[in-house]
Structures are given as C-alpha cells and as structure tokens.
Visitor: 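For reference, the structure I am asking about is given below.
Only a predicted model underlies this, so the values are computations on that prediction, with no experimental measurement involved. All values below come from the heavy atoms of this structure, side chains included, with hydrogens, waters and symmetry mates left out.
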Amino acid sequence: MLARKSAPIQELAGPGPGDEDIATMLRIASRVPDHGRLVPFRFILYRGDARVAIGEKLADLAVKREGALAPARIEQERTRFSRAPLVIGVVFVPKANLKIPQWEMFLSAGMAAMNLIIAANALGYGANLITNWYSDVDEGRAILGLSPEERVVGFVHVGNHTGEIAERPRPDPATLVSDYAGPREG
C-alpha cells in the first residue's frame with residue numbers, strides 16, 4: 001500500500017478488467033465500515049460504447065452551460081469517460097436515519113471508493129479517482145445515471161498501466177499527529 005500511486009488516466013490502456021476482476025474489486029470495495037449497515041453507496045459501471053455516448057452528452061451540456069467552446073475543449077468533454085477502458089462511478093446514496101448522520105454515511109461511501117482503488121491496484125491494474133464539473137451539476141448527474149438525491153463520490157478510471165508513475169510529495173505523518181492534551185479551551 002505504500003507503493004500506491006494514481007496512474008495518469010490517459011495512460012490507462014485496454015484491455016480493462018473482465019467481469020470476474022470487476023466482481024472482486026466491487027466485493028472488496030464494499031467491505032467498509034458502515035454504521036447501521038445502511039449501505040449508503042452504489043457503483044455504476046461505465047464501459048464499452050456507453051463511455052462514448054456519455055462523452056457526447058457531456059460535451060452538449062458544456063456547450064449549453066457555457067456557450068460556444070473551442071474544438072479542443074469539446075474533445076476534452078467527449079473523452080471524459082473513454083480514456084480508460086473502465087470507469088466505475090462510486091455514488092453516495094443517502095439513507096434516512098435518525099441516529100446516523102449523513103456525513104458519516106458519506107465517509108462510508110468514500111471508504112468504498114478508496115477500497116476500490118486499492119483492489120484495482122492489488123489485481124495489477126492502474127487506477128485514478130476524479131470528480132469534475134459534471135459531478136456538481138444536476139444535469140451532469142442525471143446524464144451519469146444518478147437520482148436527484150445521490151451525489152458523486154468519484155469516478156475510478158481503471159485499466160492496464162505499464163511504465164513508471166512519478167512520486168509526488170506526500171505529507172510527513174509526524175506533522176499530522178499529536179497526543180491528546182485535554183479539552184480545547186476558549
């Protein structure tokens with residue numbers, strides 16, 4: 001796990017994972033802390049021609065929202081979901097519960113996304129999680145198959161990756177930890 005890195009999406013190549021590997025990744029992704037066993041998340045598989053169709057719809061939505069766009073920007077929107085052979089949407093599905101706060105459910109969904117990335121890496125695939133502008137737009141979420149109350153945790157792009165991934169600066173854990181020193185004052 002200390003070697004985990006996010007593979008650049010444009011470097012993720014086919015073939016993507018088959019059904020057996022996808023099932024394994026999703027089984028691992030689902031093994032997260034989940035207070036109340038509410039399962040406040042779900043997964044959407046974007047693969048095959050659906051990735052291209054989504055890109056066309058996102059390009060149209062971008063033009064609708066922003067007006068005329070440069071050809072390079074339209075191409076960027078068209079290829080959002082077709083750069084990797086598989087994209088797995090991790091979706092937060094809020095549940096009504098008087099005892100368990102929504103933020104705790106969202107954390108459970110976030111842990112499912114992290115487990116999914118770790119599972120993909122453990123099976124030998126490269127993976128990268130992103131969101132993007134369409135994650136925060138009602139029309140974008142609708143295009144991607146979410147209901148109005150659902151939110152995007154992230155889109156995990158998965159494929160084969162060869163080559164090196166540059167290391168990025170990581171935080172020093174010693175700067176992130178302290179011993180408990182009593183209640184906060186003031």
Side-chain angles (χ1 to χ4, degrees), residues 1-9 12 15-55 57-58 61 77 79-161 171 176:
M1 289 178 64
L2 288 172
R4 194 213 66 77
K5 298 177 190 172
S6 296
I9 293 171
L12 295 173
D19 290 342
E20 186 175 326
D21 281 351
I22 292 170
T24 299
M25 287 188 288
L26 296 177
R27 200 166 51 252
I28 292 168
S30 299
R31 294 183 66 90
V32 295
D34 177 9
H35 187 186
R37 295 183 296 276
L38 300 175
V39 192
F41 52 85
R42 69 183 182 98
F43 307 100
I44 302 173
L45 303 179
Y46 304 98
R47 52 188 168 174
D49 292 339
R51 299 169 307 135
V52 175
I54 288 168
K57 289 179 171 87
L58 290 177
L61 179 59
E77 298 306 333
T79 60
R80 292 275 186 201
F81 280 71
S82 59
R83 296 175 290 175
L86 173 66
V87 179
I88 302 174
V90 182
V91 178
F92 167 54
V93 182
K95 307 289 175 126
N97 190 287
L98 296 175
K99 293 182 180 181
I100 303 166
Q102 296 284 304
W103 65 264
E104 193 174 319
M105 294 178 214
F106 191 78
L107 288 175
S108 185
M111 289 182 263
M114 190 68 225
N115 270 10
L116 180 59
I117 294 168
I118 292 169
N121 290 163
L123 291 172
Y125 297 100
N128 195 324
L129 179 141
I130 62 170
T131 56
N132 221 303
W133 66 270
Y134 41 81
S135 298
D136 281 331
V137 176
D138 289 337
E139 301 98 320
R141 290 192 303 269
I143 288 169
L144 295 163
L146 279 72
S147 65
E149 71 278 359
E150 294 178 324
R151 292 295 175 263
V152 172
V153 173
F155 299 103
V156 179
H157 295 245
V158 183
N160 283 292
H161 186 267
L176 305 173

Visitor: Could you name each residue pair satisfying ring pair (Phe, Tyr, Trp, His ring centres under 6.0 Å) that touches residues 103-133, not counting sequence neighbours?
Guide: Phe92-Phe106
Visitor: Over all heavy atoms of both residues, which pair between Asp21 and Pro17 is shortest? Give the atoms and the distance, please.
Guide: CB-CB, 3.9 Å
Visitor: Taking all heavy atoms of Lys95 and all of Leu38, pick out the closest pair and write down the distance.
Guide: NZ-O, 3.3 Å
Visitor: For Pro8 and His161, work out which heavy atoms get closest and say how close.
Guide: CD-NE2, 4.0 Å
Visitor: Are the side chains of Ile88 and Leu26 in contact, using a 4.5 Å heavy-atom criterion?
Guide: yes
Visitor: Less than 4.5 Å apart, any side-chain heavy atom of Asn160 and any of Leu12?
Guide: no
Visitor: Which atom pair, heavy atoms only, marks the closest approach of Pro171 to Leu176?
Guide: CB-CD1, 3.9 Å
Visitor: Before you tell me yes or no, could you show the steps for Val156 and Val158 under side chain to side chain contact (heavy atoms under 4.5 Å, CB included), namely the whole-Å CA-CA distance, both residues' side-chain angles and the distance that decides it to 0.1 Å?
Guide: CA-CA 6 Å; Val156 179; Val158 183; 3.8 Å; yes
Visitor: Only pairs at least two apart or in different chains count here, so list each side chain to side chain donor-acceptor pair (under 3.5 Å) that has a residue in residues 106-121.
Guide: none
Visitor: Between Val91 and Arg151, does the side chain to side chain contact (heavy atoms under 4.5 Å, CB included) criterion hold? Intermediate values first, please.
Guide: CA-CA 6 Å; Val91 178; Arg151 292 295 175 263; over 6 Å; no
Visitor: Taking salt bridge (Lys or Arg N to Asp or Glu O under 4.0 Å) as the cut-off, I'd like each qualifying pair that reaches into residues 36-51, sequence neighbours left out, listed once.
Guide: Asp19-Arg47, Arg42-Glu150
Visitor: Nearest 0.5 Å, please: how far is CD1 in Ile22 from CE in Met25?
Guide: 5.5 Å
Visitor: Give a yes or no on whether Glu20 atom CD has more than 12 heavy-atom contacts from other residues, nucleotides or ligands under 6.0 Å away.
Guide: no
Visitor: What's the verdict on side chain to side chain contact (heavy atoms under 4.5 Å, CB included) for Asn128 and Ile130, showing C-alpha distance, side-chain angles and the deciding distance?
Guide: CA-CA 7 Å; Asn128 195 324; Ile130 62 170; 3.8 Å; yes
Visitor: What's the shortest heavy-atom distance between Val153 and Thr131, and which atoms?
Guide: O-CG2, 3.6 Å
Visitor: How long is the span from the CZ atom in Arg80 to the CG atom in Asn132, to the nearest 0.5 Å?
Guide: 4.0 Å
Visitor: Mind jotting down which residue pairs meet the ring pair (Phe, Tyr, Trp, His ring centres under 6.0 Å) criterion with at least one end in residues 19-42? Sequence neighbours excluded, please.
Guide: Phe41-Phe43
Visitor: Run the salt bridge (charged side-chain N to carboxylate O under 4.0 Å, His left out) test against Arg83 and tell me which residues pass, sequence neighbours left out.
Guide: none
Visitor: Tell me every residue that passes ring-ring contact (aromatic ring centres under 6.0 Å, His included) with Phe81, counting only those two or more places apart in sequence or in another chain.
Guide: Tyr46, Tyr134, Phe155
Visitor: Would you give the length of the straight line joining atom CG of Leu116 to atom CE of Met114, rounded to the nearest 0.5 angstrom?
Guide: 9.5 Å
Visitor: Show, in sequence, the C-alpha distance, side-chain angles and deciding distance for Leu144 and Ile44, and conclude whether the side chain to side chain contact (heavy atoms under 4.5 Å, CB included) test is met.
Guide: CA-CA 9 Å; Leu144 295 163; Ile44 302 173; 5.9 Å; no
Visitor: Rounded to the nearest 0.5 Å, what separation is found between the NE2 atom of His157 and the OG atom of Ser82?
Guide: 9.5 Å
Visitor: For the CD1 atom of Ile54 and the CG atom of Leu61, what is their distance to the nearest 0.5 Å?
Guide: 12.5 Å
Visitor: State whether the number of non-hydrogen atoms from other residues, nucleotides or ligands found under 6.0 Å of Arg4 atom CZ is greater than 12.
Guide: yes
Visitor: Looking at every non-hydrogen atom in both residues, tell me the closest pair between Arg27 and Arg31 and how far apart they are.
Guide: O-CG, 3.3 Å
Visitor: Using 0.5 Å steps for rounding, measure from the CG atom of Asp34 to the CE atom of Met105.
Guide: 9.0 Å
